[in-house]
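Fair warning: this is a prediction, and the values are worked out from it, not measured in the lab. Only this structure's heavy atoms are used, side chains among them; waters, hydrogens and symmetry mates stay out.
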Amino acid sequence: MKTLLRTLLFLALIVWLGAEVFFPVIAAVTFTTLAPDTHVAGSIVGQLLRTLHWMGLIAGLVALLLLAIAPTWRIYKPRSVLVPMVLLLLMIGATAYSQFGIIPSMERDRIAAGGAIDTTDTNSPQTIHFNKLHRRSTYVEEIVLLFGIATVVFVARAESVRA
């Protein structure tokens, strides 16, 4: 049972971090392939980002649950799971902020700009705000990835101090 729980924990982390690493590659390929039509490319990438976020939220909650029960089943010592759990909570919070805060606001800006942000004046308030949110979204994804890597390090460290 211990092996199964550790496997599920690592699988949840692998799914989330793998998607976080793979997403920029997919975004770059999409924009390169659809270079003349950045609106379509942006729509595809936006939908992929929403999918990535749902994968992350579910995987994060699964990992959090597994870390919470691990000390009870003597898989890890209670103190060894605290930092990974805090990091997972921060990752889940950042992902939720992006999914339910940043993306809907970007979508409102896109609609206010007439449907395609790339065809509006670069000095329009909607375009400026959209670009600001886009940069913020990128930073949030980078933070989630860095916290995810740190989580893996702390979980691996917890392996060496098992209960």
Asks: Compare all side-chain heavy atoms of Pro104 with those of Gln99 and state whether any distance is below 4.5 angstrom.
Replies: no
Asks: Would you check if the side chain of Ser137 reaches a backbone N or O of Leu133 as a donor-acceptor pair within less than 3.5 Å?
Replies: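 Checked: no pair found.
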Asks: Pick from Leu64, Leu57, Val144: which one makes a side-chain contact (heavy atoms from CB on, under 4.5 Å) with Met91?
Replies: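 Of all the options given, the one that passes is Val144.
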Asks: Under the 3.5 angstrom rule, does the side chain of Ser80 hit a backbone N or O of Lys77 as a donor-acceptor pair?
Replies: yes
Asks: Same hydrophobic cluster for Ile143 and Leu17, using side-chain heavy-atom links shorter than 4.5 Å among ILVMFWY?
Replies: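 Same cluster: Ile143 reaches Leu17 through Ile, Leu, Val, Met, Phe, Trp or Tyr contacts under 4.5 Å.
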Asks: Go through Tyr97 and Arg136 one step at a time and tell me if the side-chain hydrogen bond (donor to acceptor under 3.5 Å, both in side chains) criterion holds.
Replies: CA-CA 11 Å; Tyr97 168 60; Arg136 184 178 299 165; 3.1 Å; yes
Asks: Would you check if there is a donor-acceptor pair between the side chains of Thr127 and Ser124 at a distance under 3.5 Å?
Replies: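 A pair is found: one side chain offers a donor N or O, the other an acceptor, under 3.5 Å apart.
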Asks: So Glu141 and Thr95, side-chain contact (heavy atoms from CB on, under 4.5 Å) or not? Walk me through it.
Replies: CA-CA 8 Å; Glu141 295 305 322; Thr95 300; 5.7 Å; no
Asks: side-chain contact (heavy atoms from CB on, under 4.5 Å) for Trp16 and Ile58? Distances and angles first, verdict last.
Replies: CA-CA 9 Å; Trp16 195 356; Ile58 292 166; over 6 Å; no
Asks: Does Phe147 form a side-chain contact (heavy atoms from CB on, under 4.5 Å) with Leu88? I'd like the steps, not just the answer.
Replies: CA-CA 8 Å; Phe147 283 178; Leu88 279 169; over 6 Å; no
Asks: Between Trp54 and Phe100, is the ring centroid distance below 6.0 Å?
Replies: yes
Asks: Any chance NE2 of His134 has more than 12 other-residue heavy atoms, nucleotides or ligands included, within less than 6.0 Å?
Replies: no
